[in-house]
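Only one structure is covered here, and it is reproduced in the block below.
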Number of protein chains: 2
Amino acid sequence: MTQSLTLHKDLRQNHRKLTRARQAVLAIVTDAQRHLTPAEIYRKAKIKYPHLGLTTVYRTLDLLAELGYIQRVHAVEGCHSYAPTAQTHGHHLVCATCGRAEEFTDCDLESLIQSLQVRTGFEINVHMLELMGRCPDCRAPARARKRKTPRGKA
Amino acid sequence: MTQSLTLHKDLRQNHRKLTRARQAVLAIVTDAQRHLTPAEIYRKAKIKYPHLGLTTVYRTLDLLAELGYIQRVHAVEGCHSYAPTAQTHGHHLVCATCGRAEEFTDCDLESLIQSLQVRTGFEINVHMLELMGRCPDCRAPARARKRKTPRGKA
DNA sequence: GCGTAATTGAAAATCATTTTCATTTAGAAA
DNA sequence: TTTCTAAATGAAAATGATTTTCAATTACGC
């Protein structure tokens, strides 16, 4: 709604149009509780707007990410998922079992970055921090059920 | 060399064989100064061992990662690259310009993880931290030359 | 409303990855 | 060393994800 208005303005500034496809895609990503893959977004958005094509989803995700409305999420699995920007002001805490993601902003890496800059001579300007584990919901039944196969290296 | 011996032992324990293909792939990743994609590894390893097939590279990368000899790297670009484990005891500092990667181990996230665990109820057991910026080499000439295009789509 | 550039979706093309399968090979045992 | 067999291999095909092409459609400034 309000977001659509802002988007409309942002698009106009670049001589671009606010289409139903773009609204549908943005709505899906914005309302999602967790990051979604392009295919998932396509499936969900197609319900709102059945005429939608997968190609357009890819193009729209690129566009929205460029404009800063959504963000690419890099998790261990699902390298190319997307999450609304609001949800990603900072970093992710992703549940390895159900994919639910919490975000947090306080990452306090300043001192680390400072010392690394001095030590390495790099100029550091981006950082990506992703934490993974199990959310409360997935931890609870885990005690009762059999544990998931560790699929570990050993 | 020494690494090959260790690998041989590790493989034997799992009833697996030390093949020329595996040696070639491991050598390439181990000697790399930055993380490489499967295709890059294939191209380079094929020089050492021309008979090598791409399929085998994929299978070998999985195996070596499982055994802990190499690690998957998740950077903003190149979601499925690999780096030697030695280089990734901790985290990466990647140069956005030339791709050169430094690694560091002191990440000091314990207090952050602690407080997040309490706050969210998550059990946190993995973290991924990647810093990006420009390395000294790429910074130096930057002052003299024109700055690189910011790589925006617009 | 009109005109036009931007956008679209379907299909084809491309690219990365996995599977299949007949052949080859490492390495344990003789 | 030779023999034997399970493990590993590479080529080709299959699969999946993403991008390109292009003619048709649509948003929106006029």
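The sequence lines fix the lettering, A, B, ..., with proteins before strands; numbering per chain opens at 1.
- The side chain to side chain contact (heavy atoms under 4.5 Å, CB included) search around B:Thr56 returns B:Ala21, B:Leu52, B:Arg59, B:Thr60, not counting sequence neighbours.
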Show the distances under 3.5 angstrom between N or O atoms of the protein and N or O atoms of nucleotides 4-6 of chain D.
residue, atom, partner, partner atom, Å
D:dA6, N3, B:Lys17, NZ, 3.1

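- Looking at heavy atoms from C-beta onward, A:Tyr69 lies in side-chain contact with A:Thr6 at the 4.5 angstrom threshold.
- Applying the salt bridge (Lys or Arg N to Asp or Glu O under 4.0 Å) test to residues at least two apart or on different chains, none of the pairs has a partner in residues 6-18 of chain A.
- A close approach under 4.0 Å does occur between a side-chain nitrogen or oxygen of A:Arg22 and OP1 or OP2 of C:dT8.
- Listed by chain and residue number, A:Ile113, A:Leu116, A:Gln117, A:Phe122, B:Leu93, B:Leu131 satisfy the side chain to side chain contact (heavy atoms under 4.5 Å, CB included) test with A:Ile124 (two or more places apart in sequence, or in another chain).
- Residues B:Leu36 and B:Ser81 have side chains not in contact (no heavy-atom distance under 4.5 Å, counting atoms from C-beta outward).
- At the phosphate of D:dT26, neither OP1 nor OP2 sits under 4.0 Å from any side-chain N or O atom of A:Arg20.
- When the side-chain nitrogen and oxygen atoms of A:Tyr58 are compared with OP1 and OP2 of D:dT19, none of them lie within a distance under 4.0 Å.
- Nearest-nucleotide positions on DNA chain D for B:Ala21 and A:Tyr49 put B:Ala21 closer to the 5' end.
- A:His80 has no side-chain polar atom (N or O) that falls below the 4.0 Å cut-off from OP1 or OP2 of D:dA17.
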Note to self: Does B:Gln23 form a side-chain contact (heavy atoms from CB on, under 4.5 Å) with B:Leu18? I'd like the steps, not just the answer.
What the structure shows: CA-CA 7 Å; B:Gln23 292 179 79; B:Leu18 178 61; 3.6 Å; yes
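- Side-chain N/O atoms of A:Thr19 include one lying less than 4.0 angstrom from OP1 or OP2 on C:dT8.
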Going 5' to 3' through nucleotides 20-25 of chain D and flagging B where a protein heavy-atom sits under 4.0 Å of the base, S where only the sugar-phosphate is that close, and - otherwise, we get BB----
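- Mapping A:Leu54 and B:Pro38 onto DNA chain C by nearest heavy atom places A:Leu54 closer to the 5' end of the strand.
- Pairs passing the salt bridge (Lys or Arg N to Asp or Glu O under 4.0 Å) check and including a residue from residues 37-58 of chain A, sequence neighbours excluded, read A:Arg34-A:Glu40.
- Taking only side-chain atoms of B:Arg12, from C-beta outward, the nucleotide of C:dA28, D:dT18, D:dT9 with the closest atom is C:dA28.
- Side-chain contact between B:Leu61 and B:Val29 is present, with at least one heavy-atom pair separated by less than 4.5 Å.
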